[in-house]
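Each remark here refers to the structure printed beneath this line.
Throughout, protein chains are lettered first and strands after them, A, B, ... in sequence-line order, and every chain is numbered starting at 1.
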Protein chains: 2
Amino acid sequence: MQDCGMVPLSRKSPVPPDRCNLARAVDQIGDRWTLLILRSALYGVRRFDDFQTELGTPRTILSGRLKSLVDSGLLAKRTYKVEGRRARPEYVLTTKGEALRPVLIALNQWGDQWLESEGQPPISFTDSQSRQAVRIAFVTEDGREVSVENMRIVLRR
Amino acid sequence: MQDCGMVPLSRKSPVPPDRCNLARAVDQIGDRWTLLILRSALYGVRRFDDFQTELGTPRTILSGRLKSLVDSGLLAKRTYKVEGRRARPEYVLTTKGEALRPVLIALNQWGDQWLESEGQPPISFTDSQSRQAVRIAFVTEDGREVSVENMRIVLRR
DNA sequence: AAGCTGGATTTGGATGACGAACCCATGCAA
DNA sequence: TTGCATGGGTTCGTCATCCAAATCCAGCTT
């Protein structure tokens with residue numbers, strides 16, 4: 001098995017970037033801070049200062065990123081109130097935002113495998129029934145795994 | 001089913017960003033141009049001008065991004081030679097770079113589902129055997145699908 | 001030698017990132 | 001009722017990065 005060159009040469013992509021949903025997804029979330037904010041949000045972080053403390057994001061940037069995440073419907077701005085404290089906004093994942101979880105877990109697992117780091121990965125997932133480790137994969141409609149080599153591209157138009 | 005708020009509130013992530021392989025992966029590839037370049041590369045694009053033409057990346061930026069993708073071991077710089085033309089460099093995905101394919105396909109499918117666009121998605125995947133549509137999912141070691149609700153987080157240390 | 005071609009650097013102006021300081025509304029305690 | 005602490009921002013000036021256009025450069029063809 002070679003180290004590279006498995007993909008056949010092509011002079012251009014089958015789908016031009018301006019019609020490609022991957023490219024358009026990258027436009028929405030393909031940014032360092034945005035991705036880090038989503039990571040925290042998927043762990044349940046909701047408050048401005050919690051994001052700021054955890055990530056060290058400059059407050060100006062954080063403010064802007066939260067705003068555009070709300071604009072693109074990934075986060076919802078709501079109000080929370082702790083007793084004896086004034087009401088404050090919080091930023092909660094929408095269903096659209098939640099739907100990114102598999103993507104970020106997949107990226108996490110890529111990092112576990114390919115980014116050298118001492119020791120075991122600090123976080124992983126198991127099936128609560130079988131207790132087996134869980135990984136990301138492609139499956140058919142009925143849940144049967146398909147290997148990457150057996151996947152065929154279908155183009156429309 | 002609500003639109004948001006499914007994730008329980010947390011004041012900080014279980015894994016701090018500096019030890020998190022997801023955060024470290026974001027540091028390597030969490031950038032608009034980098035992601036777009038990888039997208040093209042996964043489709044087989046290899047040459048400077050082909051990237052440039054397809055993506056419209058400023059040449060200065062493209063040059064820098066390719067360099068750092070080579071530095072981080074996602075692309076390999078090789079030489080190709082068309083007869084009657086001088087030898088030129090090309091940028092080919094390494095195994096590490098190839099390993100990002102599931103991540104980008106997952107993101108593509110997220111875009112198909114959540115980014116409004118007219119008509120059918122321009123590209124999709126099927127199982128070459130059963131011809132069924134393929135989607136991303138979590139599976140156990142032996143390839144049985146696990147739903148998100150049945151997944152349990154395991155922390156180390 | 002003149003021209004083409006693909007890969008890349010140089011230049012200066014526009015854009016965005018950043019840290020520090022400040023603002024502001026509220027609840028609470030003196 | 002003044003004062004202060006808290007959480008969630010905005011304003012400001014500086015500095016880094018992005019970007020388009022022009023230039024460079026090697027080597028191949030004519």
Worksheet item: Hey, is A:Arg135 close enough to A:Glu145 for a salt bridge, meaning N to O under 4.0 Å?
Response: yes
Practice prompt. Rounded off to whole Å, could you give me the CZ-to-C1' distance for the A:Phe48 and C:dA25 pair?
Written response: 16 Å
Worksheet item: Under 4.0 Å between a Lys/Arg side-chain N and an Asp/Glu carboxylate O for A:Arg24 and A:Asp18?
Response: no
Worksheet item: Roughly how many Å is it from CG in A:Asp50 to P in D:dG9, rounded to a whole number?
Response: 12 Å
Discussion item. What is the distance, to the nearest angstrom, from the CZ atom on B:Arg85 to the P atom on D:dT29?
Written reply: 8 Å
Worksheet item: Out of C:dT9, C:dC18, C:dG7, which nucleotide sits closest to the side chain of B:Lys67?
Response: C:dT9
Item to complete: Using whole Å, report how far CZ of A:Arg46 lies from P of D:dG9.
Response: 16 Å
Worksheet item: With respect to the phosphate group of D:dG8, does any side-chain polar atom (N or O) of A:Lys77 fall under 4.0 Å of OP1 or OP2?
Response: no
Practice prompt. Choose from C:dA8, D:dG7, C:dG6 the nucleotide whose nearest atom is closest to any side-chain atom of A:Asp49.
Written response: D:dG7
Fill in: Whole-Å distance separating the CZ atom of A:Arg32 from the P atom of D:dC18
13 Å
Worksheet item: If you measure from CG on A:Leu74 to OG1 on A:Thr94, what distance do you get to the nearest 0.5 Å?
Response: 5.5 Å
Worksheet item: How long is the line joining CG of A:Asp31 and C1' of C:dT15, in whole Å?
Response: 14 Å
Discussion item. Any heavy-atom pair between the side chains of A:Tyr91 and A:Arg46 that's under 4.5 Å?
Written reply: no
Discussion item. Once you apply a heavy-atom cut-off of 4.0 Å, does A:Arg88 come out as touching a base, just sugar-phosphate, or nothing?
Written reply: base
Item to complete: Taking only Lys NZ, Arg NE, NH1 and NH2, and the carboxylate oxygens of Asp or Glu, determine whether B:Glu54 and A:Lys12 approach each other closer than 4.0 Å.
Response: no
Discussion item. Heavy atoms only, 4.0 Å cut-off, all strands: where does A:Tyr91 land among base, sugar-phosphate and nothing?
Written reply: sugar-phosphate
Discussion item. When you measure from the side-chain N and O atoms of A:Trp33 to the phosphate of C:dC18, is any distance below 4.0 Å, counting only OP1 and OP2?
Written reply: yes
Worksheet entry | Residues B:Arg32 and A:Asp27 bridged, charged N to O under 4.0 Å | yes
Fill in: Nucleic acid contacts of residues 57-65 of chain A, taken as heavy-atom distances under 4.0 Å to DNA chain C
A:Pro58, A:Thr60, A:Ile61, A:Arg65
Worksheet item: Using 4.0 Å as the upper bound for N to carboxylate O, is an ion pair formed by A:Asp49 and A:Arg59?
Response: yes
Discussion item. Whether B:Lys81 contacts C:dG6 is assessed here as follows: a side-chain N or O lying under 4.0 Å from the phosphate OP1 or OP2. Is that the case?
Written reply: no
Fill in: Distance in angstrom units between A:Gln52 CD and C:dC18 P, rounded
12 Å
Worksheet entry | Length of the CZ-C1' vector between B:Arg86 and D:dA26, whole Å | 4 Å
